[in-house]
Amino acid sequence: MMILGIPAPLLFGQLLLGVINGAFYAMLALGLSIIFGMLNIINFAHGALFMMGAFAAWLMLHYLGIGYFPALILGPLVIGAFGIVLEKVLISRLYKLDHLYGLLLTFGLALVIEGLFRNEYGSSGLPYNIPRALSGVTDLGFMYLPVYRAWVVAAALVVCLTTWAIIEKTPLGARLRAGTENPALVRAFGINVPRMITITYGAGVALAAFAGVLAAPIYSVNPDMGDNFINTVFAIVVIGGMGSIMGSIVTGFALGVIEGLTKVFYPQGSATVIFLVMVIVLLFLPRGLFGKAA
Amino acid sequence: MSATTETPAPAAAPAAHGIFGFTRAQAVAFVVMLAAIVILPHILYPIFLMRVLMGALFACAFNLLIGYLGLLSFGHAAFYGMGAYLGAWALKVWHLDAALAILVGGATGGLLGLALGWLAIRRSGIYFAMITLALAQMVYFFCVEAPFTGGEDGIQQIPRGVAFGLFPLHSDMAMYWFTAAIFLAGFLLIHRVIHSPFGQVLKAIRENEPRAISLGYRVQDYKLIAFVLSAFLSGIAGATTSVIFGIATLDGVVSDRSGDVVLTTLVGGLGTVFGPVVGAAVTTAMENYLAQFGSWVTITQGAIFVVCVLAFRRGIVGEVAARLKLSL
Amino acid sequence: MLEVADLNAWYGESHVLHGAGFEVREGEVVTLLGRNGAGKTTTMKSIMGLVPRRAGSIRFRGAELIAAPPERIARAGIALCPEERGIFGSLSVTENLLLPPIIAPGGLDIATIHALFPNLRERARTAHGTRLSGGEQQMLAIARILRTGAKLLLLDEPTEGLAPVIVQQIGRTILEIKKRGFTVLLVEQNFRFAATVADRHYVMEHGRVIDMIPNHLLASSMDKLHDYLGV
Ligand SMILES: Nc1ncnc2c1ncn2[C@@H]1O[C@H](COP(=O)(O)OP(=O)(O)OP(=O)(O)O)[C@@H](O)[C@H]1O
Ligand SMILES: [Mg+2]
């Protein structure tokens, strides 16, 4: 079967790859947006923490015999706790300064973390097998669907939508939104905003780590895996604007799909298409698709 | 130009003070720097010093944006790296004069800066940082694909050639003096710009952008001009470096290069005149020393970022200046 | 209930309060009057712990709060209805109302609040608090601190920019909550309005409290007041 002159399996295959990349973009962009909302910093360490999530899964398996599914819970918890320590010990010292210092600090942290992992584990990458329960392929009739890939998309969707629901629909989320708008007043109501900020950072980091664990069986676990993603995710964050939670999710998935389609129709352009979209958005909607006026 | 010719107007603009717009302390620092440039090649490797000088020029160019406009670019590798490629190409393929080839590199940086800056200045703060990072990433991918860059190998065996049709640059010392001249020209150019009426407007924008707009300044134009100048000088630094080492590779356009220049400037002192120079000396020496230890370079760089941001935000020169209550 | 003494406050380098002092007794409605820039809002923010730097003494029910962070001050039983109202646009009307946590028993329940502010019941489903009219936003800003059990309410210019009927409604509300045992510190520019609700008036100028006028003497102090407030 051919669609637009392209063999259907190729088209659907690339589309699936696009959706999977989009799932990672969405999770990472979402974490960046949440952190930005409360802390007003852009977390340049996000890619490194994503990578740490993948390594957490690998280390748990190799040294403690902890399998994939427990790692999917434990990894984000451990790395999220690490994030909380980072926030408490380092990042929290910068809130009274220009936001650019937060960027520089987290950039430095990323260099340290990635350098340490490169030192310890080299750059060649470590294999992490797909768990047995999720291995294999399903025949959908028009294409073969690897079960693990379907799982990644489903898990990412569930996590993103749950995060969205918590923020938009619960009293806790109302506190977060209020804290984003006017933290001083929220404090004056008796809510411990500094603690809320710490927990938000931890949650954003945990989200990155969760994405990292999900990524471990797909990409090889290596110190640069975050770096490869994060520059693209920054472009996506610029495209979406960081004002909206759902905006980050939608933009993440959509750009993954656009990238996948570009691979089919114009492979040379697939590395740059997201950046081109960013350029176009900057030309016509400098605040981003979902950004709020300054 | 001398201090005696200046009119004793009490409210004279800073540009009218001192020598060439330098305060007395800055003039002293400048003389010290000149002395170092003249003496050090007899003590240290000229190749090392040339790396310092071009690192310093690159950082001065970067500092023009962060120090005087508060714009943090995370994509300056694009201008540096593309300047290096085009400078190399001009020398090796077009057989241009070395000085002209370096100007081609600068023009490349400037033109690219015009395009990317025009996009990036639509936002400020952290968005500006992310946009410049992403645009530079796009340039990087372009360089990976484009045939003229030579892919992974880069452009190699670039002849140093002759400068101004007169000075052959084959010996390291000749190349060193040429490099030093380029550095000084760039350094003084930035200094003049900052102390010109144009520079005063930049300062006004940095301090209070809405006010500058309400005073009728076309703030975006000013930002763009500063961006282009910064990109031009970055291109010059990149092209000169490719002439010095006879090679231009992807190493010039990778995002690490953008991070290096941020670190250099931060260590030396954001917004100081001599900070980028001191920062370049420190970071280049450190890289030289740590090169044998693999990823310890990145780890150390990262740690320096963290320490600087937490405890040493003024940088070396900023700290010294604050202690001595001087502007350096 | 609240004793403020020698209160100083700074924004960066600028020293705004210079030893302000006054007291508010349980069950009173007390106003701070003063010209624009006299330091009334800064006083409220200082009590709440919301200025960058302050010194002096703020005692609430005997406890010293000068060094406490805002969340602890709130939990001690003080609540602020800020200048400009501070309604959150990303929260619905109901979310705005329920945002401040209950810090002590004795606050009003939702039914009572809706009885006091019928408009808020009608607009409860509005998705963005800032879509309300100015008067409705002001009521919401007062209503949400009545729930929490805080007994000292700081109201910063609740009548500013509102139509006369709404101002009257807010006046009635203040008398009503006074009757229910709340204590109110009220910032006002409009002393005619202040006279209808307050027991005592403090006058501020240049970051100091320069006079105190009991409400029953207000009429006879008119000349002095005109002088203070420059009206
Ligand atoms: N955030 C701030 N930063 C610096 N100065 C401030 C700030 N807020 C207020 N000020 C200054 O502090 C002084 C007191 O201001 P404040 O807002 O307390 O006055 P106010 O009595 O409430 O006036 P108004 O009647 O206009 O509300 C004023 O001179 C004002 O300019
Ligand atoms: Mg006020």
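Labels below follow one simple rule: chain letters A, B, ... track the order of the sequence lines, proteins then strands, and each chain is numbered from 1.
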Hey, what do you get for [atom1] ([X]) to [atom2] ([Y]), rounding to the nearest 0.5 Å?
X: A:Leu282; Y: B:Ile131; atom1: CG; atom2: CD1; value: 4.5 Å
X: B:Tyr140; Y: A:Asn231; atom1: OH; atom2: CG; value: 10.5 Å
X: A:Leu111; Y: B:Leu263; atom1: CG; atom2: CG; value: 8.5 Å
X: B:Tyr127; Y: A:Phe36; atom1: OH; atom2: CZ; value: 5.0 Å
X: A:Tyr101; Y: B:Leu270; atom1: OH; atom2: CG; value: 5.5 Å
X: A:Leu104; Y: B:Cys308; atom1: CG; atom2: SG; value: 9.5 Å

Measure [X] against the heavy atoms of chain A and call it side chain, backbone, both or neither at under 4.5 Å.
X: B:Val306; answer: both
X: B:Leu135; answer: both
X: B:Thr300; answer: neither
X: B:Leu266; answer: side chain

message: With a 4.5 angstrom heavy-atom cut-off, is it the side chain or the backbone of A:Leu276 that approaches chain B, or both, or neither?
response: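 Interface part for A:Leu276: both.
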
Region of A:Leu103 in contact with chain B, defined by heavy-atom distances below 4.5 Å: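 Side chain only.
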
field: Note, B:Phe142 side chain near A:Thr272 side chain (heavy atom, < 4.5 Å)
entry: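 With C-beta onward as the side chain, the pair stays apart.
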
- prompt: Can you find a pair of side-chain heavy atoms, one from A:Arg118 and one from B:Thr298, that are under 4.5 Å apart?
  reply: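 Result yes, sub-4.5 Å side-chain heavy-atom pair found.
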
query: B:Trp118 and A:Leu283: side chain to side chain contact (heavy atoms under 4.5 Å, CB included), yes or no, with the steps?
result: CA-CA 10 Å; B:Trp118 182 67; A:Leu283 284 178; 3.3 Å; yes

task: Would you please test A:Thr232 and B:Gln137 for side chain to side chain contact (heavy atoms under 4.5 Å, CB included) and show each step?
output: CA-CA 9 Å; A:Thr232 313; B:Gln137 191 71 11; over 6 Å; no

Choice from [options] maximising heavy atom contacts with chain B below 4.5 Å:
options: A:Met278, A:Arg93, A:His99; value: A:Met278
options: A:Asp98, A:Ile41, A:Val112; value: A:Val112
options: A:Leu109, A:Ile42, A:Ile113, A:Leu90; value: A:Ile42
options: A:Pro223, A:Ala271, A:Gly102; value: A:Ala271

Can you establish whether the number of heavy atoms outside [X] located under 6.0 Å from its atom [atom1] is more than 12?
X: B:Phe293; atom1: CZ; value: yes
X: A:Tyr219; atom1: OH; value: yes
X: B:Glu152; atom1: CD; value: no

- prompt: Between A:Phe234 and B:Phe74, is the gap from one ring center to the other below 6.0 Å?
  reply: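 No, too far apart.
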
message: Between A:Val237 and B:Met130, does the side chain to side chain contact (heavy atoms under 4.5 Å, CB included) criterion hold? Intermediate values first, please.
response: CA-CA 9 Å; A:Val237 164; B:Met130 283 193 289; 3.9 Å; yes

task: Can you see which heavy atom on B:Arg122 is nearest to which on A:Pro286, and at what distance?
output: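 Nearest pair, atom of B:Arg122 first, then A:Pro286: CB-CB, 4.2 Å.
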
- prompt: What's the shortest heavy-atom distance between A:Ala235 and B:Ala134, and which atoms?
  reply: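 Minimum heavy-atom contact is CB-CB, 4.0 Å.
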
- request: Show your reasoning for whether side chain to side chain contact (heavy atoms under 4.5 Å, CB included) applies to A:Phe44 and B:Leu133.
  value: CA-CA 11 Å; A:Phe44 263 57; B:Leu133 176 81; 4.3 Å; yes

